[in-house]
Colleague: 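Sending over a structure as structure tokens; questions will come in a sec.
Each chain gets a letter, A, B and so on, in the order the sequences are listed, and its residues count up from 1.
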Amino acid sequence: MLCIETKDLRKKYASTLAVDGVDLQIESGQVFGFLGPNGAGKSTVIKLLTTLISPSNGKISVLGIDSAKHPLEIRKKIGVVLQQPSYEPTLSAEKSLEKYGMMWNIDKKIRKKRTEELLSAFGLEEIRKKKMDDLSIGQRRRVQVAREFMHDMELLFLDEPTVGLDPAARRKLLDFLREQVKNSGLTIFYTTHVLSEAEYLCDNIAIINNGKIMAVDSPSELKNRFGHEKTIKIHISKVSEELKSKLSKIPECQIKLEPEPTVIINSTKSEIILMNILQILNETETKINDLSAIPTNLEEIFLKVVGDSN
Amino acid sequence: MIQINPIIRLVNRNLTISINPGFIIWQILFPLIYIFVAGFAYTSLIDSVPFGGKNLDYPAFLASGMIGFNIMNSTLISGIIIWNDRRHGMFEQIMSGPFTRTHYILSNIATIGIIGLFSAALITAVGYPVFFDSVEFNIVTIPLIIFGSVVGAILFGSIASIISVKLRSSEGFNVIINTVFLFCAFASTAFYPVQGAPQPLATIFYLNPLSYLVDIIRAGIFGQVTDFVITEMLVLVALAAILFVIATKLLTKLDF
Ligand SMILES: Nc1ncnc2c1ncn2[C@@H]1O[C@H](COP(=O)(O)OP(=O)(O)O)[C@@H](O)[C@H]1O
Ligand SMILES: [Mg+2]
């Protein structure tokens with residue numbers, strides 16, 4: 001079943017087009033990563049999908065429900081952890097979970113049980129009696145994420161949930177999320193600007209920039225698709241005029257003089273171009289100091305996709 | 001159809017987060033001390049206060065005024081809840097959950113209604129020895145006190161909500177809300193009879209909704225429902241309705 005479907009989704013703020021024609025088709029039972037730099041439009045898309053704001057244009061269907069017609073029906077079935085902190089300053093961590101469960105109409109017994117489970121899963125036992133106001137940003141964030149698991153849901157939105165968490169807590173959270181998806185068939189819509197997280201956690205990733213989706217695929221497919229493009233760097237001893245003019249005839253290659261003379265090839269056919277260049281270097285009697293090929297990781301794909309669209 | 005359950009759950013949460021020792025002291029102890037200390041201290045200055053066709057002791061006058069004052073004061077809660085919810089991201093969180101803005105607004109009104117009624121009942125009970133000489137309980141006493149609690153809660157709750165929606169900084173919010181409420185408290189007939197006030201002040205007293213509220217409550221307690229009190233009730237309802245509509249509009253338009 002399609003869990004989230006949008007058609008030509010747009011959101012315009014006074015002068016910015018925060019979301020610019022987004023089409024999404026997300027299957028349930030997976031972690032869907034929404035990856036993009038700051039200001040790309042990730043949070044705005046989450047607010048649109050969770051019915052907090054309404055679109056300037058386009059259609060949204062979440063869990064098969066039309067968001068313009070029945071927003072409350074959608075909200076009853078989803079969980080949301082927004083980017084900004086959200087907490088009751090006067091309540092303890094434990095009471096925050098408890099009361100949140102109450103607000104979601106969860107039976108008292110189940111509430112108690114879940115509170116204990118979540119305090120333990122998120123490593124919050126030691127601070128359970130502390131007031132939210134007195135917690136650190138990372139601790140508050142953990143309570144905020146844990147709290148969302150007090151109620152049942154079919155779809156969970158997480159907007160950069162790991163910001164402010166230390167590496168251990170971050171890993172613990174990602175593993176917890178994976179577990180939830182595996183065990184309960186939950187679908188997670190996960191935004192982040194941290195690539196390693198998306199690669200570790202997500203089944204599929206959409207890369208968004210300037211309110212537009214640049215690419216959607218699984219991490220391995222993304223690598224496959226853009227990964228043919230390799231970067232090869234040849235460090236050389238000197239750059240002669242002859243070399244310059246000969247290299248200028250070869251596309252997808254450039255010469256850099258600083259910090260040391262380097263020829264850079266960036267192409268899907270890097271190997272073939274490399275052959276040509278080696279020949280030219282030979283003809284012009286240019287000495288090669290070093291040669292390196294940089295393997296493609298998701299980070300480069302990301303920077304390239306985002307860079308191209310800018 | 002508006003569901004009741006989500007509203008009850010929000011009221012439960014509102015009461016949990018707002019009731020703390022500081023608040024209870026402010027709500028209960030302050031009025032009591034004021035009734036007994038100021039009430040009796042000023043008796044030597046203010047001998048008796050004419051009200052309707054009656055003359056009241058000053059302590060009786062003050063204790064009954066205190067009920068209205070406490071209803072107004074308890075509505076500060078609504079402003080504080082809204083303001084805190086926005087500041088700490090709970091407004092967005094609630095609005096992305098199984099609630100609507102109508103649930104949110106009605107739960108706030110219900111919360112201050114409950115706190116208002118509770119403090120009105122408390123002051124009535126404790127103030128009773130002070131004003132029981134002049135009390136004329138009758139069929140409209142309790143309805144009038146309840147009317148005052150509910151309409152007053154809506155009216156002042158809307159004012160507090162409007163201020164909390166309009167102000168984001170904590171200093172601004174505290175200064176404005178305290179100034180408005182302090183002005184309402186002291187430029188009213190809650191503590192001081194209009195008969196003794198100079199003309200300009202008397203006019204200001206009757207530009208202030210709290211004066212209407214305390215008049216209505218006094219009319220209930222002392223059995224003096226005159227035509228003027230009925231006019232006051234109409235004005236109070238109209239004003240509460242207008243302010244409620246404005247507050248609701250503002251809350252509905254709040255952007256995320
Ligand atoms: N309420 C708002 N009013 C005006 N502009 C906004 C508002 N919210 C977001 N924007 C703008 O929309 C763009 C996308 O923002 P956002 O969705 O928060 O990005 P991201 O979450 O990817 O960092 C940004 O340029 C931001 O400045
Ligand atoms: Mg964001």
Side-chain angles (χ1 to χ4, degrees), chain A residues 11 13-14 18 43-44 46-54 62 67 70-92 95-96 98-106 108 131-133 140-141 143-145 147-148 150-153 155-157 159, chain B residues 1-26 76-77 80-108 110-111 164 168 170 173-174 251-256:
Chain A
K11 179 70 187 179
Y13 288 114
S43 299
T44 308
I46 285 214
K47 286 176 189 168
L48 286 164
L49 295 177
T50 56
T51 77
L52 273 173
I53 55 176
S54 33
V62 176
S67 87
H70 308 288
L72 182 61
E73 292 314 306
I74 293 178
R75 293 204 295 272
K76 283 178 183 168
K77 295 183 175 177
I78 61 173
V80 187
V81 175
L82 293 168
Q83 182 163 19
Q84 67 268 47
S86 143
Y87 61 100
E88 313 274 20
T90 55
L91 299 188
S92 67
K95 190 101 184 178
S96 298
E98 235 277 312
K99 275 290 146 184
Y100 199 69
M102 181 281 296
M103 285 164 70
W104 275 90
N105 210 13
I106 303 301
K108 196 159 192 166
K131 264 193 185 178
M132 292 302 290
D133 227 3
R140 257 185 227 150
R141 191 67 173 161
V143 176
Q144 189 182 351
V145 179
R147 188 177 69 176
E148 215 50 45
M150 287 298 293
H151 64 92
D152 303 308
M153 58 205 156
L155 169 63
L156 172 63
F157 293 89
D159 198 351
Chain B
M1 250 292 283
I2 296 167
Q3 289 170 297
I4 294 296
N5 269 337
I7 298 175
I8 293 174
R9 298 200 302 268
L10 285 178
V11 169
N12 175 332
R13 171 240 173 210
N14 287 347
L15 292 173
T16 315
I17 58 170
S18 10
I19 294 179
N20 56 56
F23 174 71
I24 292 176
I25 289 172
W26 173 245
L76 273 174
I77 281 288
I80 292 169
I81 289 174
I82 294 173
W83 193 80
N84 267 326
D85 281 350
R86 292 187 68 209
R87 184 183 161 92
H88 298 121
M90 282 309 292
F91 185 60
E92 280 95 332
Q93 191 67 53
I94 291 169
M95 287 306 131
S96 64
F99 305 102
T100 62
R101 291 194 194 219
T102 313
H103 291 147
Y104 184 81
I105 293 164
L106 291 179
S107 79
N108 272 12
T111 306
S164 65
R168 276 233 122 164
S170 103
F173 174 70
N174 284 317
L251 267 175
T252 316
K253 281 201 188 127
L254 263 190
D255 222 350
F256 297 107

Colleague: Select one option (side chain, backbone, both, neither) describing which atoms of Y100(A) are under 4.5 Å from chain B's heavy atoms.
Modeller: side chain
Colleague: Enter the distance from I8(B):CD1 to N105(A):CG here, rounded to the nearest 0.5 Å.
Modeller: 10.0 Å
Colleague: Residues two or more places apart in sequence or in another chain: which of them pass salt bridge (Lys or Arg N to Asp or Glu O under 4.0 Å) with K11(A)?
Modeller: none
Colleague: Nearest 0.5 Å please: distance from the CD1 atom of I17(B) over to the CE atom of M132(A).
Modeller: 13.0 Å
Colleague: Given that the side chain runs from C-beta out, which part of F99(B) has a heavy atom under 4.5 Å from chain A: side chain, backbone, both or neither?
Modeller: both
Colleague: Heavy atoms only, distances under 4.5 angstrom: which of L52(A), T50(A), V80(A) has the most pairs with chain B? Name it, please.
Modeller: L52(A)
Colleague: Once rounded to the nearest 0.5 Å, what's the spacing between atom CE of M103(A) and atom CG of L10(B)?
Modeller: 5.5 Å
Colleague: Given side chain to side chain donor-acceptor pair (under 3.5 Å), test Q93(B) with E148(A) step by step and report yes or no.
Modeller: CA-CA 10 Å; Q93(B) 191 67 53; E148(A) 215 50 45; 3.3 Å; yes
Colleague: For K95(A), which atoms come within 4.5 Å of any heavy atom of chain B: side chain, backbone, both, or neither?
Modeller: side chain
Colleague: If you measure from CZ on R87(B) to OG on S86(A), what distance do you get to the nearest 0.5 Å?
Modeller: 14.0 Å
Colleague: Quick one: pull up CD1 in I46(A) and OG in S96(B) and give me the separation to the nearest 0.5 Å.
Modeller: 10.5 Å
Colleague: Quick one: of L91(A), T51(A), L72(A), who has the most non-hydrogen atom pairs under 4.5 Å with chain B?
Modeller: L72(A)
Colleague: Using non-hydrogen atoms only, which part of R140(A) is less than 4.5 Å away from chain B: side chain, backbone, both, or neither?
Modeller: neither
Colleague: Assess whether side chain to side chain contact (heavy atoms under 4.5 Å, CB included) is satisfied between N12(B) and K99(A), documenting all intermediate values.
Modeller: CA-CA 9 Å; N12(B) 175 332; K99(A) 275 290 146 184; 2.7 Å; yes
Colleague: Side-chain donor-acceptor pair under 3.5 Å between E92(B) and Q83(A), yes or no?
Modeller: no
Colleague: Just wondering, do E88(A) and H88(B) contact through their side chains at under 4.5 Å, heavy atoms?
Modeller: no
Colleague: Could you look at I94(B) and say if it's the side chain, the backbone, both or neither that has a heavy atom under 4.5 Å from chain A?
Modeller: side chain
Colleague: To the nearest 0.5 angstrom, please state how far the OG1 atom of T100(B) sits from the CZ atom of R75(A).
Modeller: 7.0 Å
